[in-house]
Amino acid sequence: RKAALLELSGAANDGATVDAPRRRVDSGVGLVAHVDLQVETFRSIHEVDRATWDARLGAAGACSHDALALAERVFSNQPKREHNWEFLYVLVRDAAGEPVAMTFFTTALAKDDFLMRDEVSRAVEARRAEDPYFLTSVVVSMGSMLSEGNHLWIDRTGPWRQALTRVLEVATAECDRKQARVRLSRDLPAGDTSV
């Protein structure tokens, strides 16, 4: 995939393998302490309490309970793979049962060239005339392809770092389950250096 994108973009190939192993470097980030948290996952917004959801994420673009119910209806049982999405809602609660973190992920087929230069995307689209799934990948994305804004709600007065770790663990497990090539955490606030 990477070699095909390099070829289509006209980038020089220095002969290095694109999947060469990389040496791990200590990031300096310590592990978060263990805290008693309850992680709840749901496959439909209908399984999530409307008031709990909308009070925290209902104002984010196309993330309300009703908007997600509509997206679930529209993007299921469709004839083409790319029009069928899977949803995963994640709620992390503290020992008292209060929400500390909430978000949702969508698993969908996406074009690998969606952020490439225009001429690259045009070349890829020309190849897709014969092979519609050329340079496409399964992506697990925070939010959905229809939503905007911050898709992650966190209560910073609670054990939010531990809760965020649990959210990322769920996302990683979903990537493994769906054999996704990409996990995308998107639309996080640009000025938030702690996330």
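Excluded from the calculations below are hydrogen atoms, water molecules and symmetry mates; all remaining heavy atoms, backbone and side chain alike, are included.
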- Query: So which pairs with a foot in residues 92-101 pass salt bridge (Lys or Arg N to Asp or Glu O under 4.0 Å), sequence neighbours left out?
  - Reply: Glu40-Arg93
- Message: As an exercise, state the distance from CD1 of Ile154 to OG1 of Thr157, rounded to the nearest 0.5 Å.
- Response: 11.5 Å
- Here the gap from Phe75 atom CZ to Leu70 atom CG, rounded to the nearest 0.5 Å, amounts to 8.5 Å
- Item | From CZ (Arg117) to CG (Asp113), nearest 0.5 Å | 12.0 Å
- With sequence neighbours excluded, tell me which residues meet ring-ring contact (aromatic ring centres under 6.0 Å, His included) with Trp53. Tyr89
- Message: For residues 56-71, which residue pairs pass the side chain to side chain donor-acceptor pair (under 3.5 Å) check, not counting sequence neighbours?
- Response: Arg50-Asp66
- Message: Restricting to salt bridge (charged side-chain N to carboxylate O under 4.0 Å, His left out), what partner residues turn up for Asp131, sequence neighbours left out?
- Response: none
- Give, for atom CZ of Phe87 and atom OG1 of Thr106, the distance between the pair rounded to the nearest 0.5 Å. 5.0 Å
- Cation-aromatic face contact Arg127/Phe134, 6.0 Å, 45 degrees: yes
- Partners meeting salt bridge (charged side-chain N to carboxylate O under 4.0 Å, His left out) with Arg177 (sequence neighbours left out): Glu86, Glu174
- Query: Which pairs pass salt bridge (Lys or Arg N to Asp or Glu O under 4.0 Å) with one or both residues in residues 72-85, sequence neighbours excluded?
  - Reply: none
- Query: Thinking salt bridges, do Glu119 and Arg122 make one under a 4.0 Å N-O criterion?
  - Reply: no
